[in-house]
Asker: 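Pasting a structure below so you can have a look.
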Amino acid sequence: MTQKMTARLLELHHGESPLVVPNPWDAGSARVLQWLGFAALATTSSGLASTMGRLDGAVSKDETLAHAAAIVAAVDIPVTADLVNGFADDPDAVARAVTDAGATGLAGLSIEDFTGSEGSPIYDRKLAVERIAAAAQAAHAGPHRVVLTARAENYLHGAPDLADTIARLLAFQEAGADVLYAPGITTPADIAAVVSSVDLPVNVLLLPGGPTVAELAALGVRRISVGGSLAYAALDGLVVAARELRDEGTGGFLQRSARGCEAARAAFAR
């Protein structure tokens with residue numbers, strides 16, 4: 001089953017339109033998104049952290065892999081996981097994390113070049129490439145082959161250097177990645193430059209003020225995700241409803257609650 005899911009995930013990157021991959025934060029939201037007709041899902045480190053009352057970056061490898069396994073078990077479509085920086089600096093340790101992730105039944109995963117330290121946020125390019133090469137070898141070996149997405153994080157961490165981002169993505173391509181991703185790029189010109197510079201499918205993060213799905217498709221983007229945005233939108237719905245209950249003592253939110261209940265009944269009835 002895992003190999004069928006991996007093959008399906010790869011196939012979805014080469015369809016007539018981009019693969020729009022929403023990011024569930026638990027098994028229930030994954031089931032709802034499958035019910036809505038999405039063809040694949042991606043986990044979100046920030047969304048997972050929010051379910052634990054934590055901020056992004058405060059979740060362990062074991063917690064992340066357990067979460068990934070729960071999402072995989074909840075749905076019948078491919079799942080790719082946010083494996084942050086592989087929970088290690090050393091390439092061999094990153095490879096071990098990828099192997100462990102593959103054993104959960106994931107069809108794909110991503111590894112980023114963010115160190116986790118805001119003081120020195122991006123790995124030296126040479127080390128970043130070595131890490132992706134090790135991750136690729138692990139991702140493509142053994143009985144649990146997975147699709148590897150390599151992420152260049154410059155734009156999310158105060159270094160919006162397009163030339164360096166493209167250089168990193170090209171190096172990740174040569175190192176064996178299957179998909180390339182530079183979250184944070186938003187202008188059509190920058191996105192077009194990335195897409196035209198590489199040979200692999202490019203993932204773009206949908207962001208406020210950035211291109212729409214249709215516009216990204218026209219630019220040649222092959223995969224689109226939203227990170228923790230859906231999880232935070234759900235939290236905003238909770239805040240709005242709870243403030244009404246606390247401050248107004250009214251139940252205007254109950255109509256939305258009824259619609260949510262209907263969706264849950266439909267999505268969970270299998």
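For the numbers below, each heavy atom of this structure counts, side chains included, while hydrogens, waters and symmetry mates do not.
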Asker: Does any part of the side chain of K61, heavy atoms only, come nearer than 4.5 Å to the side chain of D100, both counted from C-beta?
Answerer: yes
Asker: Is the closest basic N to carboxylate O distance between R265 and E262 below 4.0 Å?
Answerer: no
Asker: Below 4.5 Å, heavy atoms only, C-beta onward: do L19 and R222 meet side chain to side chain?
Answerer: no
Asker: State the CG-OG1 distance between L65 and T104, to the nearest 0.5 angstrom.
Answerer: 6.5 Å
Asker: So does L109 get a backbone contact from the side chain of T80, meaning a donor-acceptor N/O pair under 3.5 Å?
Answerer: yes
Asker: P24 and A42: which non-hydrogen atoms are nearest, and at how many Å?
Answerer: CD-O, 3.2 Å
Asker: To the closest 0.5 Å, what do you measure between CG (L12) and CZ (F38)?
Answerer: 13.0 Å
Asker: Got N85 and R131 here, is their nearest side-chain heavy-atom distance under 4.5 Å?
Answerer: yes
Asker: I'd like a table of donor-acceptor pairs (distance under 3.5 Å, sequence neighbours excluded) in which one partner is a side-chain atom from residues 249-258, with atom names and distances.
Answerer:
from : atom 1 : to   : atom 2 : distance (Å)
T250 : OG1    : E244 : OE2    : 2.7

Asker: Distance-only check: which donor-acceptor pairs under 3.5 Å involve side-chain atoms of residues 87-98, not counting sequence neighbours?
Answerer:
from : atom 1 : to   : atom 2 : distance (Å)
D89  : OD1    : Y123 : OH     : 2.4
D90  : OD2    : D92  : N      : 3.1
D90  : OD2    : A93  : N      : 3.2

Asker: Any idea which heavy atoms bring L206 and V213 closest together, and the distance?
Answerer: CD1-N, 4.3 Å
Asker: At their closest point, which heavy atom of A193 faces which heavy atom of S196, and how far apart are they?
Answerer: O-OG, 3.2 Å
